[in-house]
Amino acid sequence: MSNIIYIDGQFYSKEDAKISVYDHGLLYGDGIFEGLRIYNGRIFKLEEHIDRLYDSAKSIMLNIPMTWQEMIDAHVETVRRNGLRDGYIRTLVTRGVGNLGIDPRSCSKATLVIIVDKIALYPAELYEKGINVVTVATRRPAVDALTPRVKSLNYLNNVMAKIEVNLAGAQGGIMLNHDGYVTEGTADNIFVIKNGKIVTTPKYVGILEGITRNTIMDMAAEYGHPLLEEALTRHDLFVADEIFFTGSGAEIIPVVKVDGREIGNGKPGPITWQFINGYRQVVNSTGYSVFE
Ligand code: PXG
């Protein structure tokens, strides 16, 4: 089955879905994106992702040329046309076509692309066994340089980190900020458990405010687990009982080794399992219905 891709109100086959080389999304990474999941014929946390998309747009002064409701409808229609009950949605809003200078004023209208496809997750066995991660030398940008709160099309910082992970032969990476505090994974948020207390990175250290992160925080409250947002160091990771990453793509993946130190007993722990199982229930029982 060929994918059906939305570009600016029209639908194209994968082969015909093309945008201009003068689009500032390509020329400068000037734009924003979202990554969403479809489970069981429902788009998970659709409204939250669209809210974050509009927040990213506002922050970079990018005018999205449609209303919030039209954006919701465009997602639903694209998923419906693809007939995919389980999959992934990649939404891009670029600054649009302009001239070769960086000045965004040359771009008269933003470009909206919605891709619906399958997603390649980590191999299934890693969700059972957990992943080996390293902290990388590439720092997450300071919040006053390029705030990680904006999910921008400029992902070179994360790509550089991923290259380090690959060179190290690891399966995941943790990025620090310039003060040496833990920020997040290369495309995931991080949760650390010690003595029954769950800690995740606060927004001010420089992270993307993940939708999955927020879901986990809601679940922790429901389960009665104490959860704090606290700045973490590498030491906090080394001595943790359990660690896991969260993201729409990776979902919840246990981390069992950090920079050669085994986490807990080197196996995914009981609280991590509770969240993995609970998350599966949440994604399969909630979401924005596409096919009914
Ligand atoms: N931090 C960063 C830097 C991300 O890119 C997350 C956290 C998790 O956010 P959500 O809202 O998904 O819980 C992300 C998003 C990939 C891929 O190919 C992953 C993301 C984005 C784009 C691609 O694995 N994760």
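If you're wondering where the values come from, they're calculated on a predicted model, not measured in any experiment. Each ligand, and each atom within it, is numbered from 1 in the order the structure gives. Values reported hereafter were calculated over all heavy atoms of this structure, with side chains retained and with hydrogens, waters and symmetry mates removed. Note that the numbering runs from 1 along the sequence shown for the chain.
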Inset, instruction - Just jot down the ligand 1 atoms closer than 4.0 angstrom to any heavy atom of E184, in number order. - result: 1 (N), 2 (C), 3 (C), 7 (C)
Legend entry - Min side-chain heavy-atom separation E34-K151 under 4.5 Å: yes
Legend entry - CZ on R139 to CG on D179, rounded to 0.5 Å: 9.5 Å
Inset, instruction - Return the option from I211, N189, N214 holding the heavy atom at the smallest distance from atom 11 (O) of ligand 1. - result: I211
Legend entry - Per-atom contacts of ligand 1 with G247, taking only distances under 4.0 Å to non-hydrogen atoms: 8 (C), 12 (O), 13 (O)
Inset, instruction - For atom 13 (O) of ligand 1, grab the closest protein heavy atom and report residue, atom and distance to one decimal in Å. - result: T212 OG1, 2.6 Å
Legend entry - Atoms in ligand 1 with a heavy atom of Y155 nearer than 4.0 Å: 2 (C), 3 (C), 4 (C), 5 (O)
Legend entry - Parallel, tilted or perpendicular: rings of F275 and Y223 (30°, 60°): tilted
Legend entry - Subset of ligand 1 atoms that lie under 4.0 Å from at least one heavy atom of G210: 9 (O), 10 (P), 11 (O), 13 (O)
Inset, instruction - Specify the protein heavy atom at minimum distance from atom 21 (C) of ligand 1: its residue, its atom name, and the distance to 0.1 Å. - result: K151 NZ, 3.2 Å
Inset, instruction - May I ask you to list the atoms of ligand 1 that are less than 4.0 angstrom from any heavy atom of N158? - result: 3 (C)
Legend entry - ligand 1 versus I207: contacting region, heavy-atom distance under 4.0 Å: neither
Inset, instruction - Give the residue and atom name of whichever protein heavy atom lies nearest to atom 12 (O) of ligand 1, and the separation in Å to one decimal. - result: S248 OG, 2.6 Å
Inset, instruction - Run the salt-bridge test on K257 and E262 with the 4.0 Å N-O cut-off and return the result as yes or no. - result: no
Legend entry - Y288 and its side chain to side chain contact (heavy atoms under 4.5 Å, CB included) partner, picked from E47, R42, H49: E47
Inset, instruction - Using distance alone, determine whether R52 and ligand 1 share an N or O pair under 3.5 Å. - result: yes
Inset, instruction - Tell me whether the centres of the aromatic rings in Y6 and Y12 are closer together than 6.0 Å. - result: no
Legend entry - Contact check, side chains of M219 and V282, non-hydrogen atoms, under 4.5 Å: yes
Inset, instruction - Start with the C-alpha distance between D23 and T111, add both sets of side-chain angles, then the distance that settles side-chain hydrogen bond (donor to acceptor under 3.5 Å, both in side chains), and finish with yes or no. - result: CA-CA 8 Å; D23 193 302; T111 304; 2.9 Å; yes
Legend entry - Which residue and heavy atom of the protein sit nearest atom 25 (N) of ligand 1, plus the separation: A187 O, 2.9 Å
Inset, instruction - Can you figure out which of E209, E48, R90, R140 has its heavy atom closest to atom 3 (C) of ligand 1? - result: R140
Inset, instruction - Answer yes when E48 and R52 have at least one side-chain N-carboxylate O distance shorter than 4.0 Å, and no when they do not. - result: no
